[in-house]
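Count residues from 1 along the sequence.
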Amino acid sequence: MASRDHAALLAGRIAITHRHLLDAAESCTDDDLAWLPGPTSPPIAFHLWHAGRWADRWAEAVAGKPQRWHREGLTTKWGFPAEQGKGDTGMELPDDQAAQLPFPRRDQLTTYLRGAFSDLEQAVAALDDETILRDADNLLGETAPLEDSLIRHLSHVSRHLGMIEALRGLRGGHGTATV
């Protein structure tokens with residue numbers, strides 16, 4: 001088991017963060033998900049979708065299986081525009097365009113998230129330490145150890161989880177963290 005410590009630890013942390021994101025999504029109403037707090041802050045649905053899109057991209061990069069987003073034709077099914085930001089993840093998408101993305105209702109969004117998150121969790125759990133410590137494309141056009149890139153992904157989606165919890169608090173909801 002010692003040869004899988006890095007990969008197993010990272011897979012576990014990713015799964016916990018994904019569970020928190022799903023719990024947050026499931027605690028929201030459709031109105032909560034769509035609420036726009038201001039002109040430069042995207043809705044909760046954007047943060048969830050963005051986390052799912054990155055998980056989907058990483059699952060493809062790690063396991064070589066096409067992204068769920070593409071396999072299920074969600075751009076078309078959900079009526080998304082062709083331009084969805086860098087990597088079709090909402091990254092670098094102007095605020096007004098991010099606010100106008102036609103997010104589906106909670107049940108459809110969480111179904112996508114469950115699948116994309118599960119795909120990444122399974123892909124990372126299948127890695128060994130030799131593979132996870134090798135240099136790979138970091139999906140931003142650079143090369144870095146795969147472990148570092150996945151830790152960066154975990155940090156990034158954790159920041160979005162914090163935004164979701166803050167937005168839920170503004171709507172009168174509770175977060176997943178306790179004080």
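To the nearest 0.5 Å, atom CG of residue Asp128 and atom CG of residue Asp5 are 12.0 Å apart. Atom-to-atom distance recorded for Ser118:OG and Arg68:CZ is 7.0 Å, nearest 0.5 angstrom. Note that the CD atom of Gln67 and the CD atom of Glu60 stand 4.5 Å from one another [nearest 0.5 Å]. To the nearest 0.5 Å, the span separating CE on Met163 from NE2 on His50 amounts to 11.5 Å. Rounded to the nearest 0.5 Å, atoms CG (Asn138) and OG1 (Thr143) are 7.0 Å apart. If you take NE2 on His47 and CG on Leu33, they are separated by 11.5 Å, rounding to the nearest 0.5 Å.
Other residues, nucleotides and ligands place no more than 12 heavy atoms under 6.0 Å from the CZ atom of Arg105.
The same ILVMFWY cluster, assembled from side-chain heavy atoms under 4.5 Å apart, contains both Leu140 and Leu154. Tracing side-chain contacts under 4.5 Å through hydrophobic residues (I, L, V, M, F, W, Y), one never reaches Leu36 starting from Leu170; they form parts of separate clusters. In the hydrophobic clustering of ILVMFWY residues, with side-chain heavy atoms under 4.5 Å counting as a link, Ile16 and Ile132 come out apart.
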Derivation and outcome, side chain to side chain contact (heavy atoms under 4.5 Å, CB included), residues Leu10 and Leu127:
CA-CA 10 Å; Leu10 186 54; Leu127 294 173; over 6 Å; no
For Asp88 and Thr75, run side chain to side chain contact (heavy atoms under 4.5 Å, CB included): C-alpha distance rounded to whole Å, both residues' side-chain angles, the deciding distance at 0.1 Å, then the answer.
CA-CA 9 Å; Asp88 293 335; Thr75 294; 5.8 Å; no
Given Leu74 and Gln108, is the side chain to side chain contact (heavy atoms under 4.5 Å, CB included) satisfied, shown in steps?
CA-CA 10 Å; Leu74 295 180; Gln108 287 180 312; over 6 Å; no
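Taking 4.5 Å as the limit, some side-chain heavy atom of Leu139 sits within range of a side-chain heavy atom of Trp54. For the pair Asp56 and His70, the minimum side-chain heavy-atom distance is 4.5 Å or more.
Residue Trp49 forms a ring-ring contact (aromatic ring centres under 6.0 Å, His included) with just one option from Phe80, Tyr112, Trp78, and that option is Phe80. The salt bridge (charged side-chain N to carboxylate O under 4.0 Å, His left out) test with Asp119 is passed by exactly one of Arg53, Arg71, Arg57: Arg71. If you run side chain to side chain contact (heavy atoms under 4.5 Å, CB included) between Pro104 and each of Leu109, Asp30, Thr110, only Leu109 comes through.
Among residue pairs with one or both ends in residues 146-155, those qualifying as side chain to side chain donor-acceptor pair (under 3.5 Å) are His6-Glu147; sequence neighbours excluded.
Taking every heavy atom of both residues into account, Asp137 and Trp58 meet most closely at O-CH2, 3.8 Å. Closest approach of Leu113 to Leu48, counting heavy atoms only: CD2-O, 3.2 Å. Closest of all the heavy-atom pairs between Asp32 and Ile44 is O-CD1, 3.7 Å. Counting all heavy atoms, side chain and backbone alike, Cys28 lies closest to Arg106 at O-NH1, 2.7 Å. Summarising the geometry of Ser41 relative to Leu167, their closest heavy-atom pair is OG-CD2, 4.2 Å, with the distance given to 0.1 Å. Of all heavy-atom pairs spanning Gly52 and Ala116, the tightest one is O-CB, 3.6 Å.
Comment: Glu26 engages Arg114 in a salt bridge, judged by a side-chain N to carboxylate O separation of less than 4.0 angstrom.
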